[in-house]
Amino acid sequence: MMNRISKTALAAITAIILIGFLVNNRKDYSSDVISQINEKAKASIMYKLGPDATDTEIAREYLTNKDFYDAQ
């Protein structure tokens with residue numbers, strides 16, 4: 001049987017792995033969205049958000065206003 005320390009350590013390791021997996025998937029998703037945005041829309045988004053915008057922020061802005069950016 002596992003003692004309390006072993007159970008806690010196992011739970012912590014599992015949580016760390018799960019968090020890493022979720023963060024990695026989010027980055028991949030944002031990159032996939034950004035790769036599908038046309039150059040004019042990317043430029044417009046970057047102008048609005050600024051040069052320090054993250055991929056997640058760019059993807060969120062695009063998806064929130066997709067109809068607007070796709071019409072450009």
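Asp70 and Tyr62 share a donor-acceptor pair across their side chains, judged by distance under 3.5 Å alone. For the residue pair Asn3 and Ser6, a side-chain donor N or O sits within less than 3.5 Å of a side-chain acceptor on the partner.
Side-chain contact between Thr14 and Leu18 is absent, with no heavy atoms from C-beta onward closer than 4.5 Å.
Salt-bridge formation is not detected for the pair Glu57/Arg60: no Lys NZ or Arg NE/NH1/NH2 atom is positioned less than 4.0 Å from an Asp or Glu carboxylate oxygen.
Nearest heavy atom pair, residue Tyr69 against residue Asn38, reads O-ND2, 3.9 Å.
We find the CD1-OH distance between Ile34 and Tyr29 to be 11.0 Å, quoted to the nearest 0.5 Å. Note: Ile37 CD1 to Asp32 CG = 11.0 Å, rounded to the nearest 0.5 Å.
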side-chain contact (heavy atoms from CB on, under 4.5 Å) evaluation trace for Ile58 with Thr54
CA-CA 6 Å; Ile58 294 167; Thr54 65; over 6 Å; no

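Remark: Asn65 engages Glu61 in a side-chain hydrogen bond (donor to acceptor under 3.5 Å, both in side chains) (not counting sequence neighbours).
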